Each structure stands twice: as structure tokens, then as C-alpha cells.
Amino acid sequence: MALNPRTDEIVEIIRRQISDFIWSAETAEVGTVIQSGDGIARIFGLDDVAAGEMLAFPHGVKGMAYNLESDHVGAILFGDYHKVREGDTVKRTENITSVPVGESLIGRVVNALGEPVDGSGPLTNTTDLPVERLAPGVIDRQPVNKPLQTGIKAIDSMTPIGKGQRELIIGDRQTGKTAIALDTMINQRGKDVICIYVAIGQKQSTVARLMQELADHGAMKHSIIVTASASEPAPMQYLAPYTGCTIGEYFRDSGRDALVIYDDLSKHAVAYRQLSLLLRRPPGREAYPGDVFYLHSRLLERAAALSEEKGGGTLSALPIIETQAGDVSAYVPTNVISITDGQIYLESSLFHAGIRPAINPGISVSRVGGAAQADAMKKVSGPLRLNLAQFRELQAFAQFGSELDKTAQAQLERGERLVEILKQDQSKPLSVSAQILIIRCASIGLLDDIAVRELDRFEEELFAFFNLNHEALLEELASTRHFDEALKQKLDESLKHFKEQFFCGESRTDG
């Protein structure tokens, strides 16, 4: 039986549908790609785009508005830029370029966009922060006065680093720059310092090996790796340090301590030079654009020790710069030296002579100085730099075959022992108390009659003796704010007591 609906029913249904209809229109400002290649794109039509705004390209490619010209926008492309073609439609996102931050990043490896690349699943419970942020002002900071222990004797004694400081590590390739950074990360175990390692332009195999080394020493539990490998386009290498800094700022702003390592800013400057030349920005010295100083100053100024009113968190920075044939006067090295609060200079000649870490104590300096040092370390290591400088001078003088008096000869022999005890194997950071013990031994002459070849055994047995018999003294040395005469006497007596127990026929020099 056929249904014949009445006309009034049909009219009522249509009226109801019309009354419930909601008119909505989605609007988006779009532009058109007029040129694309080598990680950059020129776009026509995005009249209201903001500098640093994230742009959406076809095929899931992201970009960032970088050059705002009168007739077009120059954008840098992240990801597989080969998919972007002339004539493609580009959409504004109306969001400044941001990356995810949060506790779930700890122990992970992410790319320059904050996307995980370690195969351990997506990130959870994250919030987005812009990669470009203003550095804290003077009022929002406090002086750097808390030590950031690296566990490396030559650094903690002569060029101490404080929480909130920016200390440059500079030297030629293959001189141990990354090794110092890794040892510093390993030494933060149990110290509640979140470490962010930014690998710029390195091989993926190198980053994988580095991650494995950190994991083997239990350091990945407090570390984050941001990688923009050599195979990735220049825009990713450009963005990576700012991403790492933003992640570190999240922990700093929550009242915690964070350390970010940029390895290395030389490759970062090269990536920025490539982008700038492609975007037709005028080149300057060594073909770098005129704002290459601002490139690094706005990054490194974000490292700070915040005031108690702002939570008291700190963000320390260890930028790395690679020099060519030891030339620290090149454009980028001099720029970064002028921005940072000191530098640790590594020399190829020292490295090849077996002095590792190959730190030159004459050129290396920390502008924070003893303010970020345990009081006992400050007092014990005070004459160390001067003694080493005098040793170098005497060593050069002795090469001429001149006869030295007994005082100079004794100074030369003590200097040899100072150089020997400052040597340290990689991935074996020492506590501040252990460093104080061996440096004090050298400074008061307890090592003068120990053969150089026996110093390793002496040091090993010294640490074992104090860990077994003087644990309270070790804790006092690390925590005391006043290294007074009574504590100094107590330490010296304990050291001399150990020296009496330490005996071996080969451990003493002839005569």
C-alpha cells in the first residue's frame, strides 16, 4: 500500500529543517608558493602573516614565516621540503612556532620540532611553548653562586661553573669537547639537574652512540636529546638550539635546575648562513649575515638564575665552538666568547701529548670564579693555576739545557705531578670531596716523593681509604661554607696518615 504524505506534513518537515540549519563558514588566509627549493619557499598572498608564525604546507610539511617582504613572504621549511612545489596552497595557522615541553620528554630523543624519533611512542601530557622567547630581565635574575659540578678536576678547581652560567667549550675538532659535556651530564646523577643535549649537524650514528653511553652510565634518566643530524635540512639545524633552550626553560620556570649543551654552535651558524643566503639577505664577514651575533646572543642570554620571586630555577648553558687550527679570533668564535661568561679552551698539542682533558689553564677562565665553588675547593685550588703557569714557564726554559737550581728543579717536579693528577679518564667524574683530597695532596707536597707512574695507584687507594675511614670528613668538605683552620688541620693530618700507610718500593723517587 503506497504512502501519500499530506502537503502540510511535508511543509512542516522542511520548515523544521530550515529553522534548525546553522550557517557556518570556515575562513583561512591562504597564499601560493611562487618558488621553492633548498629548504626555503617564497609565498605570495599572506599579507597578515606574523614573523615566526607556523605555516601549513601540503603533504604535512611545516614551515615558518621568516622574511616579511613587501610583495612576498620568505619561509623556511621543516621536514621533507622536496614535496613542496610551485603553485601549492599555503595556510596560516595563526600560531607562533612552538614545541611541546613537559616531564614526559625526560629520557627521550626528539627532533627540532619536539617530535619523538626514538621509537618509544608519542609524548603525553605536554604543553606548547614558543621557541623564540625574550630572555629574563635584570630584575628577574639573581647572582650566579651555586656550583654546577662537572666532576672534572681541571674544571671544578680552576674554571668553576655555576648554575645559571654560560661557559663556552672551545677547541679544534677531536680534542675532547663533547667528552667534557657528556661527563658533566653523567655527573648530574642524583643532583636533580635536567640535562638537555642538542646535537647539531652530527651523524645519526654519533647521536645513537652518545645516547647509549649516557644510558650505560644511568644518565638518560635525567637527560633529553634534541637532534638535528647532518642529513636533515638547514632549517631543522637552525631551529634545534632554540628548541632545546625552550625545553630547558620549562624546567627553569618551574623552579628546577636545568643544563643545556649546544654541540655545536659553529654548525648552527653555518646552517643560518645557508638559510640567509638562500633568502637573499646581504652577506657580511665570511659570508655570514650581519645579525649572526644576534643569532647566538638571543639564545645564550636565555640562560639565567631566576630570583626567588620567580621560583629560583636555573638554566645553565654549555655552548661548544669548533675552531680551525686553533684560531679563536675567527668571526663566530669571537662572537660567542664575547657573549659567554668564560671559556674552557682545549688544545690539540696537549691532547696529542696525552694530557686529557686537554685544557689550557692559561687561556681558560670563568668570569663567575670562586662565587660558584665550594669554600674548601676554593681554598685548596687557589695556587693551582699559578703553579701550573710557573711550571709551563720553567719547562720551556729547561728545554734550552740550562742548569736549574734546587728550588726551580723542585718546582718543575711538582708541576709534573700537578699535570699528572689533573689527567682524568672519560666517563669517570669525581665528587668534589675526592677532587679536594688529591689537589690538597699535591699542593702541600705529599706527592713530591711519589713516582709519576705511581700517582694513579696513589689516587685510587687515597679515595678508597677516605671512603672507608673518613666518610664524615668527605661530607664536611663538600658542604662546608667555611674551610677554617681546624678543618684544614684535620684534613692534612688524615692525608699524612694515609701517606704513611702508602708504601711501595717503586712508589718513591730515587733519593
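What's counted below: heavy atoms across the whole structure, side chains too, no hydrogens, waters or symmetry copies. Please read these numbers as outputs of a predicted model, since none were measured by experiment.
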Decide if atom [atom1] of [X] counts as having more than 12 heavy atoms of other residues, nucleotides or ligands within a radius under 6.0 Å.
X	atom1	answer
Arg285	CZ	yes
Glu301	CD	yes
Asn125	CG	no
Lys378	NZ	yes
Leu386	CG	yes

Of all heavy-atom pairs between [X] and [Y], which one has the smallest distance, and what is that distance?
X	Y	answer
Glu167	Val365	OE2-O, 3.0 Å
Leu278	Asp38	CD1-O, 3.2 Å
Ala374	Val432	CB-CG2, 4.4 Å
Ala75	Ile43	CB-CD1, 3.8 Å
Ala330	Thr334	O-OG1, 2.8 Å

[X] side chain vs [Y] backbone, donor-acceptor pair below 3.5 Å:
X	Y	value
Ser366	Ile161	no
Glu347	Phe351	no
Ser98	Asp128	no
Gln142	Ala305	no
Glu29	Asp48	yes
Arg385	Pro361	yes
Gln237	Ala234	no
Gln165	Gly162	yes
Thr126	Pro100	no
Asp425	Lys428	no

Output all residues satisfying salt bridge (charged side-chain N to carboxylate O under 4.0 Å, His left out) with [X], sequence neighbours left out; order by chain, then residue number.
X	answer
Glu286	none
Asp341	Arg166
Asp456	none
Glu213	none

Answer whether the closest heavy-atom distance between the side chains of [X] and [Y] falls below 4.5 Å.
X	Y	result
Met64	Leu55	no
Ile155	Pro160	no
Arg92	Glu53	yes
Thr159	Ile359	no
Val198	Ile261	no
Val110	Asp118	no
Leu430	Gln424	yes
Asp80	His59	no

In sequence, state the C-alpha distance, the side-chain angles, and the governing distance for Val207 and Ile225, and then conclude on side chain to side chain contact (heavy atoms under 4.5 Å, CB included). CA-CA 9 Å; Val207 178; Ile225 296 177; 4.1 Å; yes
Output all residues satisfying side chain to side chain donor-acceptor pair (under 3.5 Å) with Gln390, sequence neighbours left out; order by chain, then residue number.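 Counting only residues at least two positions away or on another chain, Gln390 forms a side chain to side chain donor-acceptor pair (under 3.5 Å) with Gln411.
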Considering residues at least two apart in sequence or located in another chain, which fulfil the side chain to side chain donor-acceptor pair (under 3.5 Å) criterion with Asp375?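 Result, side chain to side chain donor-acceptor pair (under 3.5 Å) vs Asp375: Lys379.
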Got a sec, which pairs hit ring pair (Phe, Tyr, Trp, His ring centres under 6.0 Å) with one end in residues 226-264, sequence neighbours left out?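 Qualifying pairs, neighbours excluded: Tyr66-Tyr238, Tyr238-Tyr242, Tyr238-His268, Tyr238-Tyr272, Tyr242-His268.
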Please list all pairs passing the ring pair (Phe, Tyr, Trp, His ring centres under 6.0 Å) test where one or both residues lie in residues 78-120, with sequence neighbours left out.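 Residue pairs passing ring pair (Phe, Tyr, Trp, His ring centres under 6.0 Å), neighbours aside: none found.
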Salt-bridged, [X] to [Y], with N to O below 4.0 Å?
X	Y	value
Glu132	Arg298	yes
Asp88	Arg85	no
Arg108	Glu115	no

Qualifying salt bridge (Lys or Arg N to Asp or Glu O under 4.0 Å) pairs with a residue from residues 240-250, counting only residues at least two apart or across chains: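 For residues 240-250: Arg133-Glu249, Glu249-Arg252, Glu249-Arg302.
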Rounded to the nearest 0.5 Å, what separation is found between the [atom1] atom of [X] and the [atom2] atom of [Y]?
X	Y	atom1	atom2	value
Met236	Ile200	CE	CD1	12.5 Å
Met158	Leu384	CE	CG	5.0 Å
Ser157	Ile421	OG	CD1	8.0 Å
His222	Ile194	NE2	CD1	7.5 Å
Leu422	Gln435	CG	CD	9.5 Å
Ile34	Ser36	CD1	OG	11.0 Å

Worked check of side chain to side chain donor-acceptor pair (under 3.5 Å) between Arg280 and Asn67: CA-CA 10 Å; Arg280 297 180 184 173; Asn67 264 21; over 6 Å; no
When the side chains of residues 312-321 are checked against the rest of the protein, which donor-acceptor pairs come out under 3.5 Å, sequence neighbours left out?
residue, atom, partner, partner atom, Å
Thr314, OG1, Asp257, OD1, 2.7
Ser316, OG, Gly164, N, 2.8

Using only heavy-atom distances, determine whether the side chains of Gln149 and Ser431 contain a donor-acceptor pair under 3.5 Å.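 No, because no side-chain N or O of Gln149 sits under 3.5 Å from a partner of the opposite role on Ser431.
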With distance as the sole criterion, is a donor-acceptor pair present between the side chains of Ser231 and Ser229 under 3.5 Å?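 There is such a pair between these side chains.
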Can you run down the side chain to side chain donor-acceptor pair (under 3.5 Å) pairs that involve residues 176-191, sequence neighbours left out, and say none if there aren't any?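 Of all non-adjacent pairs touching residues 176-191, those that pass side chain to side chain donor-acceptor pair (under 3.5 Å) are Thr178-Asp263.
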Going by side chain to side chain contact (heavy atoms under 4.5 Å, CB included), Val101 matches just one of Leu123, Leu129, Asp253. Which one?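 Exactly one option meets the side chain to side chain contact (heavy atoms under 4.5 Å, CB included) with Val101, and it is Leu129.
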Sequence neighbours excluded, which residues qualify as side-chain contact (heavy atoms from CB on, under 4.5 Å) partners of Asp172?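 side-chain contact (heavy atoms from CB on, under 4.5 Å) check on Asp172 returns Thr175, Thr323, Ser348.
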